[in-house]
2 protein chains.
Amino acid sequence: MWIIISPDMTDALDQIFSALADPTRRQILVMLLEDDMAVTDVAEPFEISLAAVSKHLGILASAKLIQQERRGRVKWCKLDTQAMNIAWTWMQGLGQFEHIDLDGLEAFLEETLKKD
Amino acid sequence: MWIIISPDMTDALDQIFSALADPTRRQILVMLLEDDMAVTDVAEPFEISLAAVSKHLGILASAKLIQQERRGRVKWCKLDTQAMNIAWTWMQGLGQFEHIDLDGLEAFLEETLKKD
DNA sequence: AGAATATTCAACCATCTGGTTGACGATTAA
DNA sequence: TTAATCGTCAACCAGATGGTTGAATATTCT
């Protein structure tokens, strides 16, 4: 699969990373890994209002992290991997990652968990 | 492929992704790819104040995307790959629709972290 | 047609963010 | 010792963000 990266990805990366910066939105993405969902179903496990979840979905869609398609009165949400690939590609340029660094991850978690 | 979804990681991912969401901070990271730099030198190509750059560096350091070390009156900044690895790993899990062994990973981490 | 369901819109609010400036402490150089 | 350099701190400001509520718009069900 080819990923076309324009010379100026700044705006896209702004949107993608700030979309990913919110834990509710990250959780939504994980939920959508399982299956496509309607807005109401996405909102179900959260304790915030439906309107708030609708806004989150709008932000994810505008960052192209999800796609939304209306069928009847239901709006279906599904993952869109394009934006994730753009961000991932950018990050690869910074770190030359070739594999998942579990040692690094462990060290990070250890340090983070100490702070409790 | 593993994806990491642990309550302990939420704060870390919040910090990492919101640090990456700002174009100035992303540019700083790219600059540090070349070489370690002093705060003043990091600030040089930007048109914002030194104090603003200093704040950006603080945010990057608190997200563990950079390390800062003071030598004399100069504070040296260098990339830290730990946080980048965390974010990259999390994203990789979302970009690919493969089996997710969450329980296995948590068990692995728990066991590994106990060993000290 | 009338009622229920799915989702968004609009207005509003508190808090966070990225920026500024000026003063300040610490370190090095003259 | 005095002056210059490096960086942070504190107070402040405008605009963005994430949340709320109530009304509005479509669509489907009875």
Side-chain angles (χ1 to χ4, degrees), chain A residues 10-32 35-80 83, chain B residues 10-32 35-80 83:
Chain A
T10 308
D11 286 352
L13 289 172
D14 282 3
Q15 282 192 261
I16 294 166
F17 283 127
S18 49
L20 292 175
D22 184 276
T24 300
R25 288 193 291 262
R26 285 198 306 275
Q27 193 178 328
I28 290 173
L29 292 177
V30 171
M31 289 163 56
L32 291 177
D35 223 337
D36 301 353
M37 298 177 83
V39 174
T40 306
D41 296 327
V42 169
E44 196 272 330
F46 297 101
E47 290 186 345
I48 59 181
S49 69
L50 179 64
V53 171
S54 177
K55 276 192 198 175
H56 280 305
L57 289 168
I59 289 166
L60 288 170
S62 136
K64 298 201 174 78
L65 284 159
I66 67 169
Q67 284 175 4
Q68 290 183 296
E69 181 197 356
R70 177 150 230 144
R71 278 206 299 275
R73 64 182 166 183
V74 174
K75 198 170 196 176
W76 293 94
C77 310
K78 69 172 188 173
L79 284 182
D80 182 350
Chain B
T10 310
D11 284 355
L13 289 172
D14 283 4
Q15 283 191 260
I16 294 167
F17 283 127
S18 49
L20 292 176
D22 183 275
T24 300
R25 288 193 291 264
R26 285 198 307 275
Q27 194 178 328
I28 290 174
L29 292 177
V30 171
M31 289 162 56
L32 291 176
D35 223 336
D36 301 355
M37 297 176 84
V39 175
T40 307
D41 296 327
V42 170
E44 196 272 330
F46 298 101
E47 289 186 346
I48 59 181
S49 68
L50 178 64
V53 172
S54 178
K55 275 193 198 173
H56 280 306
L57 289 167
I59 289 167
L60 288 170
S62 136
K64 298 198 176 85
L65 286 160
I66 67 168
Q67 284 175 4
Q68 290 183 295
E69 181 197 355
R70 174 153 232 141
R71 278 205 301 274
R73 65 182 166 182
V74 174
K75 198 170 196 176
W76 294 94
C77 309
K78 67 171 191 176
L79 284 182
D80 182 351

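Sequence lines set the chain letters: A, B, ... in the order given, protein chains first and strands last, and positions in each chain run from 1. Values below: every heavy atom of this structure, side chains too, minus hydrogens, waters and symmetry copies.
- For B:D41, there are no side-chain hydrogen bond (donor to acceptor under 3.5 Å, both in side chains) partners two or more places apart in sequence or in a different chain.
- Remark: nothing in residues 36-44 of chain A comes within less than 4.0 Å of DNA chain D through any heavy atom.
- Taking atom CD on A:E47 and atom P on D:dT21, their separation rounds to 13 Å, with Å as the unit.
- Looking at residues two or more places apart in sequence or on another chain, you find no side-chain hydrogen bond (donor to acceptor under 3.5 Å, both in side chains) involving A:S49.
- Here the nucleotide nearest the side chain of A:S49, chosen from D:dT8, D:dG7, D:dT21, is D:dT21.
- Evaluation of the ring pair (Phe, Tyr, Trp, His ring centres under 6.0 Å) test over residues 42-71 of chain B, restricted to residues two or more places apart or in two chains, returns none.
- In this structure, the side-chain hydrogen bond (donor to acceptor under 3.5 Å, both in side chains) partners of B:R71, at least two apart in sequence or on a different chain, are B:E69.
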For nucleotides 27-30 of chain D, give me every protein contact, N/O to N/O, under 3.5 Å, one pair per line with atom names.
residue: D:dT27; atom: O3'; partner: A:R73; partner atom: N; Å: 3.4
residue: D:dT27; atom: O2; partner: A:R73; partner atom: NH1; Å: 3.4

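- For the OP1/OP2 pair of D:dG19 and a distance below 4.0 Å, the side-chain nitrogens and oxygens of A:K55 include no atom meeting the criterion.
- A:R25 meets the salt bridge (Lys or Arg N to Asp or Glu O under 4.0 Å) test with no other residue; sequence neighbours excluded.
- Inter-axis angle, ends of the helix from C:dA1-D:dT30 to C:dC24-D:dG7, five pairs per end, rounded to 10 degrees: 30°.
- Under the side-chain contact (heavy atoms from CB on, under 4.5 Å) criterion, A:Q67 pairs with A:K78, A:D80, not counting sequence neighbours.
- On the nucleic acid side, DNA chain C has its first and last nucleotide under 4.0 Å of a heavy atom of chain B at C:dG18 to C:dT28, going 5' to 3'.
- By the side-chain hydrogen bond (donor to acceptor under 3.5 Å, both in side chains) test, A:D36 is found to be paired with no residue, residues two or more places apart in sequence or in another chain being considered.
- Nearer the 5' end of DNA chain D, as judged by each residue's closest nucleotide, is the contact made by B:S54, out of B:S54 and A:I48.
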